[in-house]
Amino acid sequence: MKFAARVERIGASPTLTAMQDAQALKASGVDVIDLGPGQPDFDSPSPVKLAGIEAIESNFTRYTAGSGISELRSAVAEFYNRKWGTEYDLSNVIISAGAKHVLYNVGMTLFEESDEVLIPLPYWVTFPEMVKLTGASPVAIQTGAEERFMLQTRAVKDALNPRVKGIIVNTPNNPTGAVLPTETVEWLVSVGRKEGVFLLFDETYDYFTYGDAVHTSLARFVKPEDDFYAIVGSFSKTYAMTGWRVGYCVGPKKLIKKLGEFQSHQSGNTCSVSQKAALAALELEPACLEEMREEYDWRRRYVLDRMERIEGFECPRPDGAFYVFPRVSEAMDRLNCRTSAEFSKVLLHEAHVATVPGSAFGMEGHIRLSYATSRSALETGFDRIEALLRRGR
Ligand code: PLP
């Protein structure tokens, strides 16, 4: 079969592939500790589930407006207004089937052949593939463990040229957990304003920051109708709702209207039932979310502590999301692995611990571990990794 050139440019999501490999091993009866997944191990909160059931029982099961139900669009706008002092209304918000969906739609709406789109590296696996699908070229900007994977203004300045149409920034970050400092967010806004570079901010993990770190939304520094930005958010992680598929974009009305036109022909509305559930999520008691955040923080500290004691693992402290991205090149040498993919495979098949290789995120010599899993799984996982590194292959 001859595929269109646009899909020949992309491959399967390596994080999903890693998840499938782990699942296949589990299905064969092996007790696998899965530190791979990018999704909360918590159940969706009860009020969310009840709102979904109520939506089904009251037959709220038909098409909705393609850009989402007005109540949910307004509730997202109000959420931003309360949190960031903005003045959004429903026409600044579109509801889509997850952040992944709306990121792609924003890309399709703005980027095209001959454009370059800057992506800080390591990156969430989907960003470069999504850019390639639009016909534009992804251009990686390096960040490093020395700066705790913080995007450096110098690196952005060096990459700017007349072909650069946009930059995709993910804070708090998957896979590094880095949280972009407020000054850098403000500086990026000045770049957007002066240079006409479109700022696409993925704030999917906005709720998850720890210690003194604070998440700064792009919303804090842009005016609603500035024409150089879009903020993407998700219900997946904050509310433990990955399967419901609800995400959104907040931005200037002109962009949201165009996204609505695009989405109306592409997918139509996201699931009607899920939209009602998302509305209930926005009304949850803060304590319910705080409990999950505190648990992640405990696990983050535990994981950092365990990694500090493993020779061959080095990891700058992450302040957000629920991942760590240690440098493991010494540990790789010890197990005679040339690549992070080989190392992840060895961890899976010989220690029965699933991880995602750094190469999936564009950076060799690292692996990503998720702490969105139980305390006991983390403990067993690290015990097994330590034991394997002690005994060797
Ligand atoms: N953006 C980032 C940075 C992610 O890590 C993920 C999921 O892993 C997503 C977006 C996708 O979120 P959603 O489930 O809303 O599509």
Side-chain angles (χ1 to χ4, degrees), residues 12-20 34-42 44 48 68 72 76 93-107 117 119-131 133 138 143 149 151 167-180 199-209 215 217-218 230-250 259 263 266-267 270-271 274-275 277-278 281-282 296 318-325 355-356 358 360-363 368-373:
S13 160
T15 42
L16 290 183
T17 310
M19 191 164 101
Q20 281 157 5
D34 200 350
L35 305 184
Q39 62 175 336
D41 57 320
F42 297 105
S44 300
V48 168
L72 183 56
V76 171
V93 179
I94 184 167
I95 307 297
S96 300
K100 191 180 264 191
H101 179 210
V102 77
L103 280 163
Y104 174 76
N105 291 0
V106 174
V117 179
I119 303 175
L121 182 153
Y123 42 67
W124 179 48
V125 293
T126 293
F127 293 144
E129 306 306 278
M130 174 203 112
V131 168
L133 282 170
T143 72
F149 300 109
L151 178 62
I167 177 166
I168 304 179
V169 175
N170 171 218
T171 180
N173 187 271
N174 174 9
T176 65
V179 178
L180 208 58
L199 309 177
L200 175 49
F201 262 51
D202 177 347
E203 303 185 9
T204 289
Y205 297 91
D206 59 355
Y207 193 75
F208 300 114
T209 57
H215 165 68
S217 173
L218 188 60
I231 301 165
V232 167
S234 175
F235 286 80
S236 289
K237 319 284 177 170
T238 307
Y239 306 102
M241 289 178 66
T242 47
W244 297 83
R245 309 309 301 133
V246 193
Y248 54 83
C249 176
V250 175
L259 285 171
Q263 187 163 292
Q266 175 220 36
S267 59
T270 191
C271 169
S274 299
Q275 291 188 65
L282 289 177
Y296 288 132
D319 290 327
F322 37 64
Y323 309 104
V324 287
F325 195 64
T355 60
V356 186
F361 309 97
M363 197 174 264
R368 188 192 77 176
L369 305 169
S370 160
Y371 50 88
T373 191

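For ligands, and for the atoms within them, numbers begin at 1 and follow the listed sequence.
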Below 4.0 angstrom from a heavy atom of [X], which ligand 1 atoms are there? Numbered from 1 as shown, please.
{"X": "T204", "result": "1 (N), 10 (C)"}
{"X": "N170", "result": "3 (C)"}
{"X": "S234", "result": "13 (P), 15 (O)"}
{"X": "G98", "result": "15 (O), 16 (O)"}

Of the protein's non-hydrogen atoms, which lies at the shortest distance from [atom], and what is that distance?
{"atom": "atom 4 (C) of ligand 1", "result": "W124 CE2, 3.5 Å"}
{"atom": "atom 16 (O) of ligand 1", "result": "R245 NH2, 2.8 Å"}
{"atom": "atom 1 (N) of ligand 1", "result": "D202 OD2, 2.6 Å"}
{"atom": "atom 8 (O) of ligand 1", "result": "K237 NZ, 2.7 Å"}

For this session: Mind checking the CZ-OG spacing from R245 to S236? Nearest 0.5 Å is all I need.
Result: 5.0 Å
Which atom pair, heavy atoms only, marks the closest approach of [X] to [Y]?
{"X": "G36", "Y": "R368", "answer": "O-NH2, 2.7 Å"}
{"X": "P40", "Y": "Y296", "answer": "CB-OH, 3.1 Å"}
{"X": "Y371", "Y": "G320", "answer": "OH-O, 4.0 Å"}
{"X": "V131", "Y": "P138", "answer": "CG1-N, 3.6 Å"}

Problem set entry | side chain to side chain contact (heavy atoms under 4.5 Å, CB included) between T270 and Q275, intermediate numbers included | CA-CA 7 Å; T270 191; Q275 291 188 65; 3.6 Å; yes
For this session: Check H101 against ligand 1 and report side chain, backbone, both or neither, counting heavy atoms closer than 4.0 Å.
Result: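 For H101, no heavy atom sits under 4.0 Å from ligand 1.
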For this session: Just do the side chain to side chain contact (heavy atoms under 4.5 Å, CB included) check on I231 and L200 with the steps written out, would you?
Result: CA-CA 6 Å; I231 301 165; L200 175 49; over 6 Å; no
Problem set entry | For D206, the option from T171, V179, T238 that meets side-chain contact (heavy atoms from CB on, under 4.5 Å) | T238
Exercise. Does Q39 come within less than 4.0 angstrom of ligand 1, counting non-hydrogen atoms of the residue?
Worked result: no
Exercise. Can Y123 and F361 be said to form a ring pair (Phe, Tyr, Trp, His ring centres under 6.0 Å), step by step?
Worked result: CA-CA 5 Å; Y123 42 67; F361 309 97; 7.9 Å; no
Below 3.5 Å, N or O to N or O, backbone or side chain included: is there any such pair between [X] and ligand 1?
{"X": "K100", "value": "yes"}
{"X": "Y205", "value": "yes"}
{"X": "S236", "value": "yes"}
{"X": "A99", "value": "yes"}

